[in-house]
Undergrad: 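Just passing along the structure, written as structure tokens.
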Amino acid sequence: MTRQNVFQQLVKLKNRMRDLMRFQVVIDLIMIYAFLRTVLSGTTVNLFGTVLTQNSAMVVTFLIAIIDLCFTQIRKNYRNAGRNLIGHLGGQLSEDEILVIRQFERY
């Protein structure tokens, strides 16, 4: 791969990580909402417009937590791939490359 291709792949990966992080924040908020609704309700829970028993609502909350953990693992894999791409850049870095690397490290 050429240096320009590696840089383009790093930019794409950075954008994916940014979008994934935003989506994960939404999933986290949904998980917190579901957990609080389940814990604070009685034997029946109105969760996302559906009436569930408390046990079923806890299962739904648990499944949302599993989805959140999967997104965390995907971000970890993206981070490892990005570090590998940064290693391929090596040598003298341009200002654009330094900027993208700093943005990547933020995610």
Undergrad: Ala57 and Leu47: which non-hydrogen atoms are nearest, and at how many Å?
TA: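 Nearest pair, atom of Ala57 first, then Leu47: CB-CD2, 4.0 Å.
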Undergrad: Are Phe104 and Ile98 connected in a single hydrophobic cluster, I mean Ile/Leu/Val/Met/Phe/Trp/Tyr linked by side-chain heavy atoms less than 4.5 Å apart?
TA: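 In one cluster with Ile98: Phe104, yes.
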Undergrad: If two hydrophobic side chains count as joined below 4.5 Å and joins carry through other members, does Ile27 share a cluster with Met58?
TA: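 Ile27 and Met58: separate clusters.
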Undergrad: Which heavy-atom pair separates Met31 from Ile64 by the least distance, and what is that distance?
TA: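 Smallest interatomic distance, heavy atoms only, reads CB-CG2, 3.6 Å.
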Undergrad: Rounded to the nearest 0.5 Å, how far does OG1 of Thr61 lie from CG of Leu36?
TA: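 Here the interatomic distance stands at 9.5 Å.
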Undergrad: Considering non-hydrogen atoms only, spot the tightest contact between Gly82 and Leu13 and give its length.
TA: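 Heavy-atom minimum between the residues: N-CD2, 3.3 Å.
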Undergrad: Only pairs at least two apart or in different chains count here, so list each ring pair (Phe, Tyr, Trp, His ring centres under 6.0 Å) that has a residue in residues 65-93.
TA: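 Output for this query lists Phe23-Phe71.
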Undergrad: Enter the distance from Asn84:CG to Leu10:CG here, rounded to the nearest 0.5 Å.
TA: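 That separation rounds to 10.5 Å.
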Undergrad: The criterion is side chain to side chain donor-acceptor pair (under 3.5 Å); which residues satisfy it with Thr72, sequence neighbours excluded?
TA: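 With sequence neighbours excluded, Thr72 shows a side chain to side chain donor-acceptor pair (under 3.5 Å) to Gln24, given in chain and number order.
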Undergrad: Please assess Arg22 against Asp19 for the test side chain to side chain contact (heavy atoms under 4.5 Å, CB included), listing each intermediate value before the final yes or no.
TA: CA-CA 5 Å; Arg22 289 178 181 166; Asp19 294 340; 4.2 Å; yes
Undergrad: In the single-linkage hydrophobic clustering (I, L, V, M, F, W, Y; side-chain heavy atoms under 4.5 Å), do Ile67 and Val26 co-cluster?
TA: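 Yes, same cluster.
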Undergrad: Quick one: CE on Met17 to CD on Gln103, what's the gap to the nearest 0.5 Å?
TA: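 Output value for this atom pair is 12.0 Å.
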Undergrad: Which ILVMFWY residues can you reach from Val25 by hopping between side chains whose heavy atoms are under 4.5 Å apart?
TA: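 Leu29, which link up through side-chain heavy atoms under 4.5 Å apart, make up the rest of the cluster.
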Undergrad: Compare every heavy atom of Val45 with every heavy atom of Ser41, then report the nearest pair and how far apart it is.
TA: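 Looking at all heavy atoms of both residues, the shortest contact is CB-CG2, 3.8 Å.
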Undergrad: Under 3.5 Å, side chain of Gln54 to main-chain N/O of Thr38, donor-acceptor pair present?
TA: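 Yes, because the side chain of Gln54 sits within donor-acceptor range (under 3.5 Å) of the backbone of Thr38.
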Undergrad: Do Leu85 and Leu93 land in one hydrophobic cluster if side-chain heavy atoms of ILVMFWY residues count as linked below 4.5 Å?
TA: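 Same cluster.
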Undergrad: What salt bridge (charged side-chain N to carboxylate O under 4.0 Å, His left out) pairs are there with at least one residue in residues 72-101, not counting sequence neighbours?
TA: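 Residue pairs passing salt bridge (charged side-chain N to carboxylate O under 4.0 Å, His left out), neighbours aside: Arg3-Glu97.
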Undergrad: Phe48: which residues meet the ring pair (Phe, Tyr, Trp, His ring centres under 6.0 Å) condition with it, sequence neighbours left out?
TA: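 Ring pair (Phe, Tyr, Trp, His ring centres under 6.0 Å) list for Phe48, sorted by chain: Tyr33.
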Undergrad: Let me confirm one number: the NZ-CG distance from Lys14 to Leu99, rounded to the nearest 0.5 Å.
TA: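 That separation rounds to 7.5 Å.
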Undergrad: To the nearest 0.5 Å, how far apart are CD1 in Ile101 and CD1 in Ile86?
TA: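 Going from CD1 on Ile101 over to CD1 on Ile86, the span is 4.5 Å.
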Undergrad: If hydrophobic residues (ILVMFWY) are linked whenever their side-chain heavy atoms come closer than 4.5 Å, directly or via other members, who joins Val51 in its cluster?
TA: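 Other cluster members: none.
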Undergrad: Of all heavy-atom pairs between Leu89 and Phe7, which one has the smallest distance, and what is that distance?
TA: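 Nearest pair, atom of Leu89 first, then Phe7: CD2-N, 4.3 Å.
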